[in-house]
Amino acid sequence: MHMSDGIIDAPTSALFWVVAVVGVAVAIWRARTELDERTAPMAGLVAAFVFAVQMINFPVLPGVSGHLLGGGLAAILVGPYTGALCIAIVLTVQSLLFADGGLTALGANITNMALVGTAAGYAVAVALRPLLVRRGDGGIGVLSFVSAWCATVLAASMFVVEYAVGGAAVTSLSTVAAYLFGTHALIGVGEGIITAFTVVAVARARPDLVYLLRARAAAAHRAGAAAP
């Protein structure tokens, strides 16, 4: 999923650097509403976990491997804005210290995985939040799986958009789109399984540490207070 240098042209890279900087700035500003004595340490653990798991690749097709992107996982556990910051930090460290993803493409990678992936994962999780009612671990497991799968495919979709805007390679857009969607639909299955097991494990041990569950409880409390 990491984009290397030279896949998109310089103007497109610069454009998505701007998008990434603005998006991260907004996330820093809004993360203050999510961070508390529980979320702050959890954010560090999430970033470390995503960094570690991204180092483990699994085969998807012959000669093709994928790894956890982490957008859905981070959004569910620590919130969409804090989650975006966690993924952005991981991507930056990987690019600067491990040459995993190009430096000129870092803005596009942050846009795809940290911004779009996290936002999409959280939006799907919120939409499926009614599954949590009277469904216990099964509900949050299904929610986490679908959220992570959608986040992975939509992050890949953003790469296709960037390639359509300023692709610098000779491969046709239709070929890139078919390959990316097909591959990441499979990668999303692995992403969903890892995310589901991780979120269920945390929810069983410390449900108060799962941001989505706390946000649901707060929304229910506000609804109850507003009722006559």
Side-chain angles (χ1 to χ4, degrees), residues 14-54 68-97 101 106-130 132 140 143-144 146-148 150-152 154-155 158 191 195 198-203 205-226:
L15 170 63
F16 284 98
W17 256 106
V18 173
V19 172
V21 169
V22 172
V24 170
V26 171
I28 292 171
W29 174 51
R30 294 298 300 274
R32 294 178 297 176
T33 64
E34 299 171 347
L35 289 170
D36 55 25
E37 69 279 359
R38 292 169 294 185
T39 308
M42 190 66 177
L45 292 174
V46 166
F49 178 76
V50 171
F51 183 89
V53 177
Q54 281 196 2
L68 182 81
L69 301 186
L73 173 67
I76 291 170
L77 291 181
V78 297
Y81 300 107
T82 305
L85 293 179
C86 290
I87 304 301
I89 290 169
V90 168
L91 295 173
T92 301
V93 171
Q94 289 176 336
S95 177
L96 296 178
L97 299 184
L106 180 58
N109 286 329
I110 289 175
T111 299
N112 299 347
M113 289 182 271
L115 302 182
V116 173
T118 303
Y122 189 72
V124 172
V126 170
L128 296 178
R129 197 157 51 185
L132 299 179
I140 196 168
L143 177 152
S144 300
V146 176
S147 171
C150 291
T152 301
L154 288 172
M158 194 63 205
E191 173 106 6
T195 300
T198 304
V199 173
V200 168
V202 175
R206 289 287 304 274
D208 60 304
L209 294 180
V210 180
Y211 179 84
L212 186 72
L213 299 182
R214 290 190 282 125
R216 172 176 172 267
H221 177 74
R222 289 193 298 269

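Numbers here are sequence positions counted from 1.
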Taking it one step at a time, do Leu143 and Leu212 satisfy side-chain contact (heavy atoms from CB on, under 4.5 Å)?
CA-CA 11 Å; Leu143 177 152; Leu212 186 72; 3.6 Å; yes
Contact check, side chains of [X] and [Y], non-hydrogen atoms, under 4.5 Å:
X	Y	result
Val50	Met113	no
Met158	Leu115	no
Ile110	Thr92	yes
Ser147	Thr195	no

Going from [atom1] on [X] to [atom2] on [Y], what distance comes out if it is rounded to the nearest 0.5 angstrom?
X	Y	atom1	atom2	answer
Ile87	Phe51	CD1	CZ	12.0 Å
Leu45	Cys86	CG	SG	9.5 Å
Asp36	Glu34	CG	CD	9.5 Å
Gln94	Leu106	CD	CG	10.0 Å
Leu154	Leu69	CG	CG	11.5 Å

Considering all heavy atoms, the nearest [X]-[Y] contact:
X	Y	value
Ala120	Ala151	CB-CA, 4.3 Å
Ala84	Ala114	CB-O, 3.3 Å
Gly117	Ala155	CA-CB, 4.4 Å
Leu213	Ala203	CD1-CB, 4.2 Å
Val124	Cys150	CG2-CB, 3.8 Å
Ile76	Ala125	CG1-CB, 4.0 Å

Give the intermediate values and the outcome of side-chain contact (heavy atoms from CB on, under 4.5 Å) for residues Tyr211 and Thr82.
CA-CA 10 Å; Tyr211 179 84; Thr82 305; over 6 Å; no
Go through the steps for Met42 and Val202 under the test side-chain contact (heavy atoms from CB on, under 4.5 Å), then give the verdict.
CA-CA 11 Å; Met42 190 66 177; Val202 175; 3.9 Å; yes
Glu191 side chain vs Thr152 backbone, donor-acceptor pair below 3.5 Å:
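Flag not set: sc Glu191 to bb Thr152 has no pair under 3.5 Å.
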Output yes when a side-chain donor or acceptor of Ser95 lies under 3.5 Å from a complementary backbone atom of Leu91, and no otherwise.
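Answer holds: no.
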Side-chain donor/acceptor pairs under 3.5 Å, residues 17-28, sequence neighbours excluded:
residue : atom : partner : partner atom : Å
Trp17   : NE1  : Leu103  : O            : 3.4
Trp17   : NE1  : Thr104  : O            : 3.2

Verdict with reasoning, Leu73 to Val53, per side-chain contact (heavy atoms from CB on, under 4.5 Å)
CA-CA 12 Å; Leu73 173 67; Val53 177; over 6 Å; no
